[in-house]
Amino acid sequence: MLINADTGRCIGAGMCALTAPEVFDQSEDDGTVVVLDAEPGPERAAAVRRAVQVCPSGALSLAGAPATG
Ligand code: SF4
């Protein structure tokens with residue numbers, strides 16, 4: 001699993017950081033997403049998928065893993 005975060009689309013809603021705080025944080029400058037762990041292990045996969053789903057701007061996407069499972 002590889003996380004791709006498009007900071008140009010991020011609106012700083014912070015849902016990702018709330019949902020998976022070990023993987024996402026927010027910039028102190030403008031609140032946009034900061035990826036703490038771009039290649040999270042399987043133990044974080046469920047939280048990361050939730051974060052991708054709850055992001056209101058579609059700024060987050062995943063590579064290197066099937067969409068489900
Ligand atoms: S949930 Fe989406 S829009 Fe909100 S801070 Fe995270 S990446 Fe940005």
Side-chain angles (χ1 to χ4, degrees):
M1 171 181 279
L2 184 64
I3 298 173
N4 181 43
D6 183 348
T7 53
R9 291 180 70 166
C10 175
I11 58 171
M15 295 303 293
C16 54
L18 285 173
T19 305
E22 294 160 332
V23 179
F24 301 102
D25 198 356
Q26 289 178 267
S27 160
E28 290 185 13
D29 292 332
D30 56 10
T32 54
V33 64
V34 175
V35 180
L36 303 175
D37 184 358
E39 292 190 67
E43 73 282 3
R44 291 176 175 167
V48 169
R49 288 198 185 90
R50 270 198 301 278
V52 171
Q53 287 170 358
V54 298
C55 174
S57 70
L60 302 177
S61 58
L62 298 177
T68 59

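These numbers come from the heavy atoms of this one structure, side chains and all, not from hydrogens, waters or symmetry mates. For ligands, and for the atoms within them, numbers begin at 1 and follow the listed sequence.
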For atom CD of Glu28, is the number of surrounding heavy atoms from other residues, nucleotides or ligands below 6.0 Å larger than 12?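 It does not: Glu28 CD has 12 such atoms or fewer within range.
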At distances under 2.8 Å, what protein N, O or S atoms surround atom 2 (Fe) of ligand 1? Cys55 SG
How close do [X] and [Y] get, counting heavy atoms only, and between which atoms?
{"X": "Val33", "Y": "Thr7", "result": "O-CG2, 3.8 Å"}
{"X": "Ala51", "Y": "Ala20", "result": "CB-CB, 4.3 Å"}
{"X": "Ala5", "Y": "Leu60", "result": "CB-CD2, 3.7 Å"}

Do Ser57 side-chain atoms and Arg9 backbone N/O form a donor-acceptor pair below 3.5 Å? yes
Apply salt bridge (charged side-chain N to carboxylate O under 4.0 Å, His left out) to Arg44 and list each qualifying residue two or more places apart in sequence or on a separate chain. Glu22, Asp37
